[in-house]
Amino acid sequence: LKLIELGPGDEGPEHIAFGPDGKLYAAVASGRILRMNRDGGEREVYARVEGGRILGFDFDAQGRIVAADAYRGLIAIEPGGKIITKLLTQAGPDDPILYADAVVLTKSGKIYFTDASRRFGPEKWGGTFNASVLDILEHSSTGRVLEFDPATRKVRTLLSGLCFANGLALSADEQHLFVAETGEYRVWKLAVDADKLDAATVLAHTATRQTVAAKASVLLDNLPGY
């Protein structure tokens, strides 16, 4: 076990990932992405997102970082870390992405991401921590999982009605997503071709042993803590 220091002034590593160069990348509370060797050596600031907060991120086939900026939606950071562009700020007309949280990419380039809350965005409610606490306290369950296809610019909702849709992982065969629903202490298994499902409806069908086409189910429940 080795402790890897983030360096002076940096805290809150929300997500880590190994890049195409074999280096370890970490997104921290200042809005920066740090890059370092696997042992923490040669640490440097790879990118700065001024006024933003990078949460989840992944790498695409071109080596770009596709990231969830809690304040801006989805952004892309070009190799080298200097050029940052907005990819997606709206899921549709009058439907802003208020709290982009986690991101995974498929080999074909499709982007799956969580929008943690449609009620409490960090920009308006005093940052990511305050917004998350308010969302979970209110428990209105407005979080969702979305798909964005950069080739067509189309956005699709897979599952909504989640109480703070948080971390996201993609299965090895790219057929399922695993979604952490923080406010309900559980993890969902969700088919990537699920479409416009609602969490409460899925659970109601499950309770009455009805079929919901096996597109969504709770994989882990009653987890100890958030």
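FYI, the numbering just counts along the sequence from 1. Just so it is clear, the model here is predicted, and its values are computed rather than measured.
- Remark: side-chain polar atoms of T114 are paired, donor with acceptor, to backbone N or O of N166 under 3.5 angstrom.
- Of the possible donor and acceptor atoms, none in the side chain of R53 sits under 3.5 Å from a partner among the backbone N and O of Y71.
- By the neighbour-count criterion of 12 heavy atoms within 6.0 Å, atom CG of L223 is densely surrounded, having more than that number from other residues, nucleotides or ligands.
- Atom CG of L170 and atom CD of Q175 lie 9.0 Å apart (nearest 0.5 Å).
- A distance-only check finds a donor-acceptor pair linking the side chain of D58 to the backbone of L105 [under 3.5 Å].
- The two residues L98 and P122 make their nearest non-hydrogen contact at O-CD, 3.3 Å.
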Stepwise side-chain contact (heavy atoms from CB on, under 4.5 Å) check, I97 with Q90: CA-CA 5 Å; I97 298 164; Q90 301 258 342; 5.8 Å; no
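- Side-chain contact, T142 with S140: no donor N or O sits under 3.5 Å from an acceptor N or O.
- Closest approach of A100 to L55, counting heavy atoms only: O-CD1, 3.5 Å.
- Using a 4.5 Å heavy-atom threshold, the side chains of K215 and D195 count as separate.
- When L162, D115, L197, V192 are each tested for a side chain to side chain contact (heavy atoms under 4.5 Å, CB included) with V145, only one passes: L162.
- Annotation for Y226: atom OH does not count as buried by contact number, only 12 or fewer foreign heavy atoms lying within 6.0 Å.
- P150 is listed as a side-chain neighbour of I111, based on a closest heavy-atom distance under 4.5 Å.
- Proximity of V218 to E184: side-chain heavy atoms (C-beta onward) are nowhere separated by under 4.5 Å.
- Here the straight-line distance linking atom CG of D198 with atom CG of L203 works out to 9.0 Å at 0.5 Å rounding.
- Side-chain atoms of Y99 do not come within 3.5 Å of backbone N or O of R119 as any donor-acceptor pair.
- Of all non-hydrogen atoms in F178 and S171, the two that sit nearest each other are CE1-CB, 3.8 Å.
- Put simply, the side chain of E14 does not reach to within 4.5 Å of the side chain of T128, judged on heavy atoms.
- Between the OG atom in S217 and the CG atom in L190 there is a gap of 9.0 Å [rounded to 0.5 Å].
- Looking only at distances, a side-chain donor or acceptor of H15 sits under 3.5 Å from a matching main-chain atom of F57.
- Each of I65, L168, L74, I54 was scored for a side chain to side chain contact (heavy atoms under 4.5 Å, CB included) with V103, with one residue passing: L74.
- No more than 12 heavy atoms of other residues, nucleotides or ligands shown are found within 6.0 angstrom of CD on E42.
- In this pair, Y46 and Y25 present their aromatic rings perpendicular. The plane angle is above 60°, beyond the 30 to 60° band.
- A pairwise comparison of heavy atoms in D60 and Q62 identifies OD1-N, 3.0 Å as the closest pair.
- Heavy-atom contacts from other residues, nucleotides or ligands closer than 6.0 Å to CG of N222 number 12 or fewer.
- The local environment of CD in E123 is sparse, with at most 12 non-hydrogen atoms from other residues, nucleotides or ligands closer than 6.0 Å.
- When side chains are defined from C-beta on, N37 counts as touching K23, because their heavy atoms get closer than 4.5 Å.
- Between P20 and G63 the shortest heavy-atom distance is CG-CA, 4.2 Å.
- At a threshold of 4.5 Å between non-hydrogen side-chain atoms, the residues L24 and I4 count as touching.
- Atom OG1 of T157 is separated from atom CG of L146 by 4.5 Å, given to the nearest 0.5 angstrom.
- Considering V179, D221, L219, L220 as possible partners of R186, the one that fulfils the side chain to side chain contact (heavy atoms under 4.5 Å, CB included) test is D221.
- Judged by distance alone, with hydrogens and angles left aside, the side-chain atoms of R156 form a donor-acceptor pair with the main-chain N or O of A194 at under 3.5 Å.
- Residue I16 places its CD1 atom among 12 or fewer non-hydrogen atoms of other residues, nucleotides or ligands, all under 6.0 Å distant.
- When every heavy atom of R64 is checked against every heavy atom of A76, the shortest pair comes out as NH1-CB, 3.6 Å.
- With R43 contributing its side chain and E5 its backbone, the two residues share a donor-acceptor pair below 3.5 Å.
- Residues Y112 and T106 form a side-chain contact, since some pair of their non-hydrogen atoms from C-beta on lies under 4.5 Å apart.
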